[in-house]
Amino acid sequence: MIVVIGAGAVGLGIAWRASQRGLPVTLVDPEPGGGASHVAAGMLTPVGELQYGEEQQLRLGIDSRDRYPEFAAELAERTGVDIGYRKEGNLSVAYDGDDLAFLTDQHRFQESLGLRTELLTGRECRRLEPMLAPSVRGGILAPDDGSVDPRRLVRALLAACEDVEIVRRKVREIVVEGGAVRGVRLEDGGVLAADRVVVAAGSWSADLADLPVRPVKGQILRLHSPYPFLTRATRGLVRGFSLYLVPRPDGELVVGATQEELGFDSRVTAGGLWELLRDARALFPGVTELEFKEVNASFRPGSPDNSPLLGPAGPDGLIAATGHYRNGILLTPLTADAIADLLEGKEPPEAIRPFGADRFAPTGGSR
Ligand code: GLY
């Protein structure tokens with residue numbers, strides 16, 4: 001028996017893929033789909049969000065992003081749920097001259113890696129997104145990036161998990177005996193026996209297994225536009241601060257996100273919202289006329305290098321699928337396939353090799 005702890009997009013994806021291969025899976029989560037996946041914006045932007053020194057993460061992100069068309073089509077066929085996958089490209093825009101200098105440098109870096117991106121003038125950016133402020137200085141278009149609706153994604157995955165037993169309880173601890181996992185103990189003391197346990201509990205993974213994961217708080221808000229406001233996921237740099245806006249066909253406009261190292265502090269703060277709205281208005285003055293719908297805070301699971309922890313993690317039978325940081329939704333298709341491969345005893349995709357869960361252990365590491 002296999003127990004997957006955590007029914008966010010990653011845990012659900014793993015459970016679905018493993019059950020498709022005929023493996024017996026139980027998924028344990030007090031509130032399936034209710035964690036960070038419910039709050040996430042759904043940017044699929046490995047190119048648009050590329051940072052120096054993250055070439056391996058880039059390969060991982062592109063591999064997973066490029067699995068999305070098939071992943072979405074398969075889920076739609078199986079469940080009838082459209083997960084809102086869109087490949088409209090990602091636009092990054094600069095508010096002032098310093099922001100433009102940063103983006104110009106980023107464009108050089110993207111080109112040096114052979115990535116398909118285009119440096120645009122302010123006018124060209126406005127031609128793509130007419131609601132942009134006249135003052136926007138320029139930007140970069142990454143045409144192969146896209147977005148997905150994480151709430152629909154989770155709904156589809158839950159529907160697809162018809163052969164998975166779902167236990168709506170909290171896991172108190174992972175039971176280990178003789179160096180091997182034996183199952184999980186639930187909050188009521190009951191034990192679910194298992195010879196393999198996958199920890200996909202996001203920021204809460206560190207409490208359950210000896211994994212170096214910390215919560216990185218993000219506050220995010222949802223507006224509604226009665227008319228087409230934005231065509232594609234757009235990242236903005238405003239006096240050095242970054243934010244993003246993700247549109248949905250039904251008029252929802254997601255504006256995110258703060259990035260705060262505050263432990264498990266889930267408060268929504270006036271300052272967090274003010275920063276997001278201030279910078280959103282600088283780029284899109286019309287944003288203040290939109291209807292305010294919702295605000296949330298949740299936690300990205302960050303590892304010491306902010307890259308995922310994937311694979312065997314200590315005792316025999318324990319497998320990590322966590323630490324996805326800002327990229328849980330992006331990395332769901334690849335993580336699901338890779339962990340299902342491991343559970344089936346197959347070689348997982350090459351792209352996950354640098355991200356072994358043991359790489360921070362004092363004696364080990366696959367890097
Ligand atoms: N993926 C965007 C974020 O974590 O805010």
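In listed order, ligands and their atoms are each counted from 1. Residues take their numbers from the sequence shown, with the count starting at 1.
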Mind jotting down which protein residues get a heavy-atom contact under 4.0 Å with ligand 1? Chain and number order, please. Tyr244, Ala257, Arg300, Arg326
Parallel, tilted or perpendicular: which one describes the rings of Tyr227 and Phe229, with boundaries at 30° and 60°? tilted
Indicate yes or no: does Arg169 engage Glu187 in a salt bridge with an N to O separation below 4.0 Å. no
Any ion pair linking Arg67 and Glu74 (charged N to carboxylate O, less than 4.0 Å)? no
Gln56 side chain to Arg59 side chain, donor-acceptor N/O pair below 3.5 angstrom: no
Verify the distance criterion only: is there a donor paired with an acceptor across the side chains of Thr269 and Gln219 at less than 3.5 Å? yes
Would you please say whether a donor-acceptor pair under 3.5 Å links the side chains of Ser307 and Gln57? yes
